[in-house]
Amino acid sequence: MNAPLLEVENLHAYYGKSHVLHGVDLAVGAGEIVSLLGRNGVGRSTTARAIMGLVTATGRVDFKGRPILGLEAYRIAHLGLGYVPESRDVFPTLTVEQNLVLGMKGRRPGRWSFDDMYRMFPRLRERRHTQAGVLSGGEQQMLTLCRTLMGDPELIMIDEPTEGLAPKIVELVADYLNELRDRGISVLLVEQKLAIAMRISQRVYVMGHGHIVFEGTPQQLEANAQVRREWLEV
């Protein structure tokens with residue numbers, strides 16, 4: 001692993017009185033794609049939300065060497081940590097292009113332009129003057145990812161980006177996640193589909209019941225039939 005950009009240690013998170021995360025440890029290095037795998041309900045999305053300041057949590061979360069646990073989500077975003085939720089939180093009455101403009105943090109150009117977004121997902125170019133609320137679920141997922149990129153993050157956490165997408169679009173998403181890394185953006189991919197994670201990740205974590213049960217390379221996970229059978233197979 002390269003020098004860590006994001007470090008999480010002994011992370012505990014709560015929904016009311018429910019103790020959801022039980023001492024999660026993970027790290028993402030600069031220029032690295034890391035996948036957080038596991039079945040539904042084990043705490044993967046909660047981990048991303050806790051890192052982003054959206055869930056009550058304790059422990060240690062450092063981004064670029066700075067502690068961020070307890071900061072408001074918008075302050076964390078301005079430090080360069082992007083988050084794409086599974087819920088596809090678009091602004092429904094604004095057009096595709098207006099949504100992208102809202103993702104920009106200032107007037108200075110970042111690593112990504114409108115042309116980059118439209119090249120990644122030509123369907124968004126076709127619908128750039130369409131209100132986001134009438135887009136399909138897959139189109140809204142594309143738009144949420146692109147809006148986050150327009151903020152020029154150094155690390156982006158993406159929750160289930162392939163959920164509900166056609167197989168051809170899933171392949172495109174995988175290709176462009178690799179492009180993020182090529183442009184110097186680290187990725188924490190929260191994903192249930194093993195195939196895409198194994199294809200693009202440098203390292204993987206597997207979660208079970210609110211804690212990490214495996215850490216290693218995709219090759220090491222491929223060789224560990226017990227972990228895959230116990231924690232990943234349906």
Side-chain angles (χ1 to χ4, degrees), residues 1-2 5-6 26-40 44-45 47-48 81-88 90 96 100 103 111-113 115-127 135-207 214-223 227-228 231-234:
M1 183 181 72
N2 296 331
L5 192 61
L6 175 70
L26 62 83
V28 181
E32 187 179 37
I33 298 179
V34 174
S35 288
L36 183 58
L37 301 168
R39 297 190 182 104
N40 286 333
R44 294 172 300 123
S45 295
T47 299
L81 180 55
Y83 173 52
V84 181
E86 183 184 7
S87 55
R88 302 165 179 169
V90 299
V96 165
L100 294 178
R111 277 167 283 198
W112 302 92
S113 66
D115 285 343
D116 286 322
M117 302 299 102
Y118 296 146
R119 178 181 57 80
M120 286 173 65
F121 300 115
R123 183 63 172 161
L124 294 184
R125 182 190 296 275
E126 296 171 12
R127 310 207 70 180
L135 301 180
S136 69
E139 290 167 342
Q140 289 185 3
Q141 183 69 286
M142 299 174 202
L143 177 56
T144 307
L145 171 60
C146 290
R147 188 184 65 205
T148 304
L149 290 176
M150 292 297 285
D152 201 23
E154 295 175 58
L155 187 152
I156 185 168
M157 299 187 296
I158 311 176
D159 194 352
E160 301 282 6
T162 63
E163 184 68 26
L165 299 184
K168 183 179 292 188
I169 302 299
V170 170
E171 290 299 312
L172 282 176
V173 170
D175 290 341
Y176 288 118
L177 290 179
N178 276 323
E179 183 172 342
L180 301 190
R181 185 190 59 200
D182 293 342
R183 294 206 186 194
I185 299 174
S186 301
V187 177
L188 177 60
L189 176 64
V190 178
E191 184 56 75
Q192 189 175 17
K193 293 184 177 66
L194 188 60
I196 183 174
M198 298 290 272
R199 171 184 160 189
I200 67 174
S201 303
Q202 282 71 63
R203 291 186 303 112
V204 295
Y205 292 90
V206 178
M207 285 197 77
F214 174 87
E215 174 191 355
T217 65
Q219 293 77 18
Q220 289 169 329
L221 180 57
E222 181 66 32
V227 167
R228 288 186 284 108
W231 301 105
L232 294 173
E233 293 177 2
V234 178

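By convention here, the first residue in the shown sequence is residue 1.
Taking Glu160 as the reference, Arg44 meet the side chain to side chain donor-acceptor pair (under 3.5 Å) condition, with sequence neighbours excluded. Contacts of Glu86 classified as salt bridge (Lys or Arg N to Asp or Glu O under 4.0 Å), with partners at least two apart in sequence or in another chain: none. A search for side chain to side chain donor-acceptor pair (under 3.5 Å) contacts involving Glu179 returns Arg119, Arg183, not counting sequence neighbours. Residues satisfying the salt bridge (Lys or Arg N to Asp or Glu O under 4.0 Å) criterion with Arg127, sequence neighbours excluded, are Glu139. In terms of the side chain to side chain donor-acceptor pair (under 3.5 Å) criterion, residue partners of Ser35 (sequence neighbours excluded) are, by chain and number, Ser201. With sequence neighbours left out, Gln140 forms a side chain to side chain donor-acceptor pair (under 3.5 Å) with no residue at all.
A pairwise comparison of heavy atoms in Asp115 and Arg125 identifies OD1-NH2, 4.0 Å as the closest pair. The two atoms that bring Trp112 and Met150 nearest to each other are O-SD, 4.1 Å, heavy atoms only.
The side chain to side chain contact (heavy atoms under 4.5 Å, CB included) with Pro161 is formed by just one residue from the set Val187, Thr144, Leu189, Val84; it is Leu189.
Under the 4.5 Å side-chain criterion, counting only non-hydrogen atoms from C-beta, Glu191 is not in contact with Leu36. Side-chain contact between Leu232 and Val206 is present, with heavy atoms from C-beta onward closer than 4.5 Å. In this structure the side chain of Leu81 reaches within 4.5 angstrom of the side chain of Met157, judged on heavy atoms.
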| task | Could you check Ile158 against Leu177 for side-chain contact (heavy atoms from CB on, under 4.5 Å), going step by step and ending with a plain yes or no? | result | CA-CA 10 Å; Ile158 311 176; Leu177 290 179; 3.4 Å; yes

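Taking a cutoff of 4.0 Å between a charged side-chain nitrogen and a carboxylate oxygen, Glu215 and Arg203 qualify as a salt bridge.
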